[in-house]
Amino acid sequence: SVFKPALLETVLFNVSDSPVSMRRAMAIFLVPWVAAGAIVGTFGVTGGGIFADPALTANGYFSIWLLLIACLAHLGSEAESAVENARAVANADALSSSMFAFLFASVIVLGSLLQYDVIQAGRSADVNGMFGEYVYSLVLVCISAFVALYHLVLKEPLPLVNKIATPLLALGWLGAAGVLTFRDSAPGFSVAGNGFFAVYVGLFLSFALVGKVHLSPARDDPPAADAVISAA
């Protein structure tokens, strides 16, 4: 046949002594490319918004977001397969994937909050009575994004930060879901759409992070990983 799968394993270049194959380069490229398409296609931006209303374009709306999820999963599998050190695999932070998804959900909610000019117009122009709720949610997602970035950038943040921040954020997201999605006067959140789904994804992830930080025994027993490696 014309297509040869071995071509995907061709090494294009090296980054920090780690080879980047054609397959891995394609996985890295597809994530921002599809993410840009999802944002332009599902938000009411100039020249975009073709899938902005899931009630009218359900197939396209869900397909483009599922495509982005598939690209992220593929990139994750490529990154995992690139790890060759057994100790690095054993000590890999179980929170990183959840924190990345939490960061992504926070950014989507942030975009939805700013899309309808409720905050930008100020309290005096707030005819729906949602200015306070939007400001609260804006502060919440900014703090959430900061905590996620703090964890992802530092790799090994202070455990006390996660233990304190995760339950507070979970309560905060529970409040945001209540004030944004149960009121008909909340544009962008009262009907199915980016903001609505992102709020509940963020709520789910916030409680998942609480479970991983406070209920996972593996995070409190790091020597066990060394024992497994030594036994191997």
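The first residue in the sequence is number 1, and the count goes up from there.
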With rounding to the nearest 0.5 angstrom, report the OH to OG1 distance, Y200 to T181.
3.0 Å
I'd like to check F100 versus L72 (side-chain heavy atoms, cut-off strictly below 4.5 Å). Are they in contact?
yes
With a 4.5 Å limit on heavy-atom distance, are the side chains of W173 and S106 in contact?
yes
Evaluate the side-chain proximity of F196 to V191: yes if any heavy-atom separation is below 4.5 Å, no if none is.
no
Whether over 12 other heavy atoms sit under 6.0 Å from N59 CG
no
Non-hydrogen atoms of A105 and V201 that approach each other most closely
CB-CG1, 4.2 Å
Under a single-linkage definition using a 4.5 Å side-chain heavy-atom cutoff for Ile, Leu, Val, Met, Phe, Trp and Tyr, are L56 and L66 assigned to the same hydrophobic cluster?
no
How many angstroms lie between atom CG of N194 and atom CZ of F189, to the nearest 0.5 angstrom?
9.5 Å
Do S206 and L203 have side-chain heavy atoms sitting under 4.5 Å apart?
yes
S112 side chain vs G195 backbone, donor-acceptor pair below 3.5 Å
yes
Hydrophobic clusters here meaning ILVMFWY residues chained together by side-chain heavy-atom distances under 4.5 Å, can you tell me if V31 and I69 are in one?
no
Which heavy atom in A198 sits nearest to a heavy atom in I108, and how many Å separate them?
CB-CG2, 3.5 Å
Would you find a donor on one side and an acceptor on the other, under 3.5 Å apart, between the side chain of H214 and the backbone of K163?
yes
Distance from L113 atom CG to Q120 atom CD, nearest 0.5 Å?
9.5 Å
Only one of M22, R23, R24 clears side chain to side chain contact (heavy atoms under 4.5 Å, CB included) with M26; which?
M22
Sequence neighbours excluded - salt bridge (Lys or Arg N to Asp or Glu O under 4.0 Å) pairs with any residue from residues 174-187
E133-R183
For S137, all residues meeting side chain to side chain donor-acceptor pair (under 3.5 Å), sequence neighbours excluded:
none
Has the side chain of Y136 got a donor or acceptor atom that lies under 3.5 Å from a matching backbone atom of F131?
no
Indicate the ring-plane relationship of F197 and Y61, choosing parallel, tilted or perpendicular according to the 30° and 60° boundaries.
tilted
Are L140 and L169 packed together at the side-chain level, in the sense that at least one heavy-atom pair is separated by less than 4.5 angstrom?
yes
Cluster check L171, V109: I/L/V/M/F/W/Y, side chain < 4.5 angstrom
no
Supply the atom-to-atom distance L75 CG to F29 CZ, rounded to the nearest 0.5 angstrom.
13.0 Å
To the nearest 0.5 Å, how far apart are CG in L180 and CE in M130?
5.5 Å
Nearest heavy-atom neighbours spanning L103 and A148:
CB-CB, 3.8 Å
Might you confirm whether atom CD1 of I50 has over 12 heavy atoms from other residues, nucleotides or ligands at distances under 6.0 Å?
no
Hphob cluster co-occupancy, F62 + F104, side-chain heavy atoms under 4.5 angstrom
yes
About how many Å separate CG of L68 and CD1 of I64, when rounded to the nearest 0.5 Å?
8.5 Å
Answer yes or no: is there a side-chain heavy-atom contact under 4.5 Å between V118 and P187?
yes
